[in-house]
Structure formats: structure tokens, C-alpha cells
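Here the structure is laid out as C-alpha cells; the discussion comes afterwards.
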There are 2 protein chains.
Amino acid sequence: MPSEKSEQGRSVNQRVTIREVAAKAEVALSSVSRALSGHPDVSDEMRKRVKDVADELGYEPNHVAQSLRSGVTRTIGFVIRDINNPMFALLARSCEQELRRNGYSMILVNSDRNIENENRNFSLLRRRRVDGIIASLVSEDSPYIKKNLAGPRCPIVLLDREVKGINASAVLADHAAGVHQAVTQLIKAGHRQIAFVTGSNNVYPTRNRLQGFTKAFEDANLKVQPDLMAIGGFDADYALSHARILLHRNPAPTAILAGGHGALMGISRALKEKNLTMGKEIAFIALDQLPYLEVFSDNISTVYRDTEAIGREAAILILEGIEGEKPRVSVIETQFIERASSQGSI
Amino acid sequence: MPSEKSEQGRSVNQRVTIREVAAKAEVALSSVSRALSGHPDVSDEMRKRVKDVADELGYEPNHVAQSLRSGVTRTIGFVIRDINNPMFALLARSCEQELRRNGYSMILVNSDRNIENENRNFSLLRRRRVDGIIASLVSEDSPYIKKNLAGPRCPIVLLDREVKGINASAVLADHAAGVHQAVTQLIKAGHRQIAFVTGSNNVYPTRNRLQGFTKAFEDANLKVQPDLMAIGGFDADYALSHARILLHRNPAPTAILAGGHGALMGISRALKEKNLTMGKEIAFIALDQLPYLEVFSDNISTVYRDTEAIGREAAILILEGIEGEKPRVSVIETQFIERASSQGSI
DNA sequence: CTCTTAACTGGAAACGTTTGCTATAGGCAA
DNA sequence: TTGCCTATAGCAAACGTTTCCAGTTAAGAG
């Protein structure tokens with residue numbers, strides 16, 4: 001039995017309220033509210049008097065009560081598909097910065113690549129009456145998607161997802177362009193056996209990358225080799241097992257593209273198993289800006305996208321939505337950045 | 001002028017309330033509340049009836065109103081010193097998981113290594129009436145520290161910080177032990193010129209690491225060389241400039257310890273400038289579990305601490321605090337993990 | 001000097017819940 | 001039958017704000 005607690009658990013959390021400020025300043029509740037919230041109908045004298053008393057008492061407005069009364073929480077929910085992916089840390093961070101600059105806080109929830117969790121997350125955020133939701137969905141066709149996106153009570157911004165039949169804003173990266181550049185470059189350098197490991201194609205980035213990939217082959221009057229494509233999972237285990245298969249193929253791939261964090265993890269392990277070094281025996285290109293790449297392996301070629309710009313853009317779109325503007329889609333460019341790892345043995 | 005908004009901005013956000021559920025089920029408000037919240041004084045028939053209607057209407061309780069009335073927000077604030085440090089992503093993640101398992105959400109705010117921001121963050125969280133605050137402080141002696149920690153209205157857990165005169169819980173890593181192991185190992189291998197780059201010693205981890213460092217020398221009957229210690233900043237720029245100086249010293253250091261993410265960044269750049277490779281011409285040890293190390297450089301020796309355990313432990317301590325238990329300090333072990341990079345040329 | 005208006009200020013009703021208290025009904029013992 | 005207790009249900013008062021509406025005062029116009 002905790003002894004230092006007062007007899008009514010409640011009273012521990014007692015803080016000074018607007019009522020006490022009003023009493024001490026000998027003015028009405030409403031005047032205190034107006035004085036502190038910057039309402040115009042307040043005399044200078046009143047404002048000063050109230051502010052002085054508020055400071056003296058250390059008054060900090062109860063944001064919960066403010067939210068209830070005003071119907072606005074100044075909070076944005078951020079549903080993150082997989083917080084293991086370090087890219088999301090970057091994304092969430094830049095987004096949070098932009099939101100905070102506009103007076104909003106962020107509640108971050110993680111779905112752990114699970115659709116049920118994702119659904120619960122949406123519900124949780126709705127109950128908390130967030131003013132908007134930024135979401136990186138697990139997939140584009142979950143059974144809950146209509147419920148969570150279609151009749152939304154609050155503006156929604158999707159990250160790198162295309163969902164038909166709903167009117168939400170979205171930030172999409174133009175993966176195709178960067179991949180096209182990358183593959184064209186490889187082809188020019190003589191590569192023909194180009195492997196591609198990436199997530200399932202029920203999400204936009206995979207489909208979009210694939211477009212760029214295929215188009216690069218078409219433009220060079222070549223045919224893609226289907227058995228060099230491992231499309232189906234974003235996780236490292238999937239990538240590892242498929243990379244193993246790819247590396248045992250004959251003829252072996254001379255270049256390999258890794259679509260995202262998981263693929264990179266899996267492939268790098270598979271390469272290590274076979275004692276292969278990226279850029280030496282095999283050309284390697286990562287299709288993401290992964291923060292640790294910048295740090296440690298400054299020789300890895302990547303299809304770069306400005307992750308922080310995506311976060312900022314998401315914040316801007318959600319704020320627009322709150323202002324009542326129509327949803328819109330914003331596209332972020334990508335760019336192939338050539339470094340040592342895409343050389344290979346050719 | 002947005003045209004799809006209804007004339008009263010408010011009505012856009014209108015959701016079904018407990019009142020409508022009560023009306024449709026033809027029972028009292030209070031009965032709905034009790035039925036849905038699992039209160040015992042409710043007949044089975046009533047509970048079923050209410051739940052059916054609630055489901056039918058898609059009722060989702062207003063958490064804001066619940067919080068206001070009950071005085072409890074089921075929200076924890078997480079004040080993060082520097083969200084650039086990838087370790088914190090790991091930390092926040094494991095912490096959030098543990099909190100969520102207990103029905104809590106997390107609001108994450110970033111201080112960007114700035115004391116003013118930090119102070120504002122505490123205020124923001126207090127206004128939001130969070131039930132507890134987990135904080136990774138910028139320093140241990142900011143002018144606001146008393147205000148924010150001393151007379152706390154809510155339980156507080158500090159991460160790797162020791163602040164005197166307040167009664168908050170804390171999770172501390174036993175850096176000293178791991179550093180002692182590491183340095184002892186280096187000394188055994190013949191190293192004498194061991195450099196140490198780390199943050200300012202107005203925070204616990206630096207002081208604690210320094211203790212381990214010094215003790216290892218003492219135990220070997222050697223003296224530490226003060227001009228090999230660069231103590232003063234956690235950021236990469238500080239580390240870079242000091243690492244340059246250290247590397248130009250004569251005799252040059254044969255081993256170097258990097259205290260944290262920033263130091264690692266700076267030093268690795270400095271080494272690259274001089275064309276030195278970790279573990280080859282110079283032994284190198286990182287004093288942190290940095291997630292990207294596991295990924296890419298599996299040959300870097302580190303003083304490992306279980307960052308996820310720290311996050312979980314922080315969650316547990318804050319929940320204890322909410323339950324009314326006394327604050328306490330929890331210590332997490334560290335351990336030297338020897339890999340190739342700590343070999344050097346000796 | 002009176003009337004109108006402008007500039008404030010105060011009172012009170014919300015916002016959507018939870019919860020203490022009271023009321024009702026039925027069961028059981030005396 | 002009466003009285004008491006138990007199990008439920010309902011009423012109404014909070015929680016701490018914001019905001020609408022109605023006053024009050026003083027100034028300026030006629």
C-alpha cells in the first residue's frame with residue numbers, strides 16, 4: 001500500500017485551474033480565458049493583471065479540457081507500419097518537427113506489419129480525437145481499409161500508398177524514375193543478369209519500382225528475366241532465402257537491386273555467406289535512403305529519396321486538410337546516386 | 001474558402017456520443033458508461049443490449065472527455081534529448097511497446113539538444129496532463145531542472161542521468177563495467193596510447209565511463225594520459241576536430257574509444273581522412289549499441305548495452321510510479337564485445 | 001442632457017464522459 | 001405482512017475549459 005499517496009488518488013494531480021486564477025485576480029473565468037488565449041476583446045490592463053496572476057500561480061492550462069470544449073486536440077496521429085525500419089525514424093522526426101512548428105504534437109503508433117494492429121491503431125487515434133492521421137499502411141487492401149479511410153472524420157495522409165475510392169491526401173515517391181536511371185546505368189555498363197529483390201506488389205512502391213525496372217529493359221530493347229525477380233516480402237528473412245536462391249542461379253546475377261531495408265539486410269547476409277563483396281564480384285544498388293548507409297558504407301549506390309522532405313510534406317498536407325482544403329497527392333522525386341558498389345565485375 | 005466544410009466547423013467532427021447510444025438503447029447515460037467500461041453493477045441483459053447498440057452505431061468513446069472526467073490520460077510523455085541519435089529510436093520503440101501492452105500511448109517530443117526546447121517540452125507534456133514522463137535530459141544542471149523535476153505532479157523516469165535532490169526513478173547503464181573490460185583488454189594486448197572521445201562530463205554516462213577507464217589503468221598500475229582524452233561534446237563536429245588532433249599527436253594513439261553516436265561519426269570521418277582503417281592501423285571500440293553497427297560493420301568491437309531492455313525498464317518504472325510506488329533506480333549491465341576492430345597494429 | 005455605440009466584462013451553458021447518491025424492485029427472513 | 005437487504009438503474013453533479021449572450025460603463029454625437 002503506497003503510503004505517500006493522499007487519501008484520494010485524484011488530489012495528487014491537483015493543479016491550479018483557471019478558476020483559482022480568476023479568484024485571485026478578482027475577475028471572471030471568461031476574462032482569464034480570453035486574456036490568456038489572446039482574444040481581442042480584452043483591455044491591456046486586464047490582460048496584464050491576469051497574466052501576472054497566472055505566472056505567479058504557475059498556471060498551466062489543462063489541454064484536455066481545452067480539447068473537449070473546443071473540439072480540437074492539436075494532435076496528429078502517425079501510424080507507422082514497421083518501426084524497425086530506420087527510415088521511419090527519419091520520417092517521423094522531420095514530420096514531428098514541422099508539426100510542432102505549427103503547434104501540433106504527434107502520437108506515434110506502430111503496427112508491426114500487422115493488419116489487426118493497424119486497425120486497432122486507427123481506432124485508438126480516433127478515440128483520442130486526433131485532428132488528423134498520417135499513415136504508412138501495411139497493405140493497400142486490408143479488410144478494414146474502407147472503415148478507416150473511407151468515411152473519415154478527420155483528414156488523412158497516406159505515405160507511399162495508393163488506395164482507390166477514398167479521398168485522402170498522399171505523399172508518393174517517384175521510385176520509377178530513380179530505378180529507371182539505375183537500371184539503365186547497369187545495362188549500359190554491360191549488365192544483363194540483373195536481380196531485383198523487393199516487397200510484395202500489393203503496395204505502390206513495389207509496383208512503381210517494377211515499372212521503372214521494366215521500362216529500362218524495354219528502352220534498351222531487352223527482356224527482363226522473371227526468374228531474377230524476387231517479389232513478395234519486405235522482411236529480411238524473405239530476402240535472405242530468395243537472395244540465396246538467386247546467387248546459386250546459373251548464370252549468376254551480375255547485379256542486384258535491394259528494395260528497402262529488409263531486402264538490404266537479407267541480401268547483405270546472403271552475400272556474406274558466399275563471401276561476395278558488394279561492388280566487387282557483384283554490383284549492388286539499394287533502393288532507399290537508409291540513414292546508416294550514409295554513415296558507414298559511403299560506397300553503396302542508392303536510389304535516393306529525400307526522406308525528410310517526405311515527412312515535411314506529409315505534415316504540410318495534413319495541416320492543409322485541417323484547414324479544410326481538398327486532399328491532394330504530392331510526388332517526391334528520386335534519383336540514382338552512383339557509387340562504388342554498383343560497379344561489379346563487368 | 002473551402003466549400004465542402006459545413007457552416008459550423010465543429011459539425012464536421014461530429015461523432016456518435018454516449019447520449020445517442022443511451023437514447024437508442026432506451027437506458028440512462030450512466031448505464032451505458034458502466035456497461036461499456038466493465039463496471040460490476042450491470043445486469044447481463046443490460047450489458048448486451050448496450051453493447052449491441054454501441055456496435056450498431058459505431059460508438060467510439062471520446063477519450064478526451066474520459067480523461068477530463070477521470071483525471072487520467074493513459075498517456076506517457078517521452079522527452080528525447082536528440083532524436084538524431086538512432087539509439088533513441090530503438091529505445092522509444094521498446095518503451096512504446098511495453099507501454100502499449102499496458103494500455104498506454106506515448107507522446108514523443110524532441111529537445112534537439114537544447115535546454116530551452118527541453119523546458120518547453122516538459123511544459124507541453126504537463127499541460128497535456130500526461131500520467132508520467134520519461135526523459136532523456138540534455139544536461140543534469142539546467143536552470144529549469146528543479147521546476148521540471150522537483151515538484152512533479154506526475155512520476156518521472158530519467159534515462160542515464162543522475163540529478164540530486166529530486167525523487168525520480170532512473171534507469172542507469174553500468175557503463176563503467178564495460179569500459180573497464182574493454183580498456184583492460186586493450187592494455188593486455190599491449191596498448192598504452194589509448195584515446196577517449198566522449199561527451200561532456202556534466203552527465204552521468206561520461207563520468208561513469210571515465211571511472212571505468214581510469215580504474216582499468218590504475219588496476220594495471222598505469223597512468224592515464226590526459227592529453228589523449230577529448231571530453232566535452234557529444235556531437236560529431238566536436239569529435240571530428242578532436243579526433244584530428246589526436247591522430248596527429250606523437251606518439252599517435254594506438255587505440256581509440258568512441259563514446260556514443262556523435263563520437264563515432266566524427267572519428268570515423270577523421271580516420272577516413274588519414275586513410276586509416278579501424279582495427280588495422282588503429283584499434284577502435286564503440287561505447288554504445290548502435291543499431292546500424294549490427295547491420296553493416298559486424299567487425300566493430302563495442303561496449304554493449306541492451307538498449308531495448310532500457311526502454312522496457314523505463315516503461316516498467318513509470319507504470320510503478322503511476323501505481324503509487326516509490327521511485328527507484330534500476331541499473332542495466334554493459335559488456336565488452338570483442339571483434340576485429342579492437343585488434344589494431346600491436 | 002440624452003441617446004447611441006463601442007469596448008469590455010461577467011454569467012452561464014455547453015463539450016462528453018464518470019461516479020456518488022438515490023430510487024425502485026424483488027427476494028428473503030422474521 | 002413487514003422490514004431489510006441486494007442488485008440494478010437513473011439522476012445529476014462534477015471535470016476545466018471556451019464561447020455565446022447579455023450586461024455595464026464611458027465616450028462621443030446630436
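We name chains A, B, ... by the order of the sequence lines, and we start the count at 1 in each one.
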| request: Rounded to the nearest angstrom, tell me the gap between atom CG in B:Leu29 and atom P in D:dC11. | output: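 Value for this atom pair: 9 Å.
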| Which nucleotide sits closest to the side chain of B:Leu68: D:dC15, D:dT8, D:dT17? |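 Shortest atom-to-atom distance from the side chain points to D:dC15.
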| message | Going by side chain to side chain donor-acceptor pair (under 3.5 Å), B:Glu60 matches just one of A:Arg129, A:Arg126, A:Arg128. Which one? | response |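 Only one of A:Arg129, A:Arg126, A:Arg128 forms a side chain to side chain donor-acceptor pair (under 3.5 Å) with B:Glu60, namely A:Arg126.
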Provide a list of protein-nucleic acid N or O atom pairs under 3.5 angstrom, restricted to nucleotides 20-26 of chain D.
{"from": "D:dC20", "atom 1": "N4", "to": "A:Arg34", "atom 2": "NH1", "distance (Å)": "3.4"}

| With a non-hydrogen cut-off below 4.0 angstrom, is B:Asn62 in contact with a base, only sugar-phosphate, or nothing? |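 If one applies the 4.0 Å heavy-atom cut-off, B:Asn62 turns out to touch the sugar-phosphate alone, with no base involved.
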Are [X] and [N] close enough that a side-chain N or O sits under 4.0 Å from OP1 or OP2?
X       : N      : result
A:Ser33 : D:dT19 : no
B:Ser31 : D:dG10 : yes
B:Ser37 : C:dT18 : no

Report, one line per pair, each donor and acceptor closer than 3.5 Å where one atom sits in a side chain of residues 43-52 of chain A; sequence neighbours left out.
{"from": "A:Ser43", "atom 1": "OG", "to": "A:Met46", "atom 2": "N", "distance (Å)": "3.2"}
{"from": "A:Arg47", "atom 1": "NH1", "to": "A:Ala35", "atom 2": "O", "distance (Å)": "3.0"}
{"from": "A:Arg47", "atom 1": "NH2", "to": "A:His39", "atom 2": "O", "distance (Å)": "2.7"}
{"from": "A:Lys48", "atom 1": "NZ", "to": "A:Asp52", "atom 2": "OD2", "distance (Å)": "2.6"}
{"from": "A:Arg49", "atom 1": "NE", "to": "A:Ala25", "atom 2": "O", "distance (Å)": "3.1"}
{"from": "A:Arg49", "atom 1": "NH2", "to": "A:Ala25", "atom 2": "O", "distance (Å)": "2.8"}

| So do the side chains of B:Glu320 and B:Arg328 get within less than 4.5 Å of each other, counting heavy atoms only? |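 Yes, side chains in contact.
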| query | Hey, does the side-chain of B:Arg69 have a donor or acceptor N/O within less than 3.5 Å of a partner on the base of C:dT18? | reply |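 Such a pair is found, so the answer is yes.
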| field | First encountered from the 5' end of DNA chain C, between B:Ala65 and B:His39 | value |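 The residue closer to the strand's 5' end, by nearest nucleotide, is B:Ala65.
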| Quick one: do A:Arg101 and A:Glu98 make a salt bridge, cutoff under 4.0 Å? |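 Judged by the 4.0 Å cut-off on N to carboxylate O distance, A:Arg101 and A:Glu98 do form a salt bridge.
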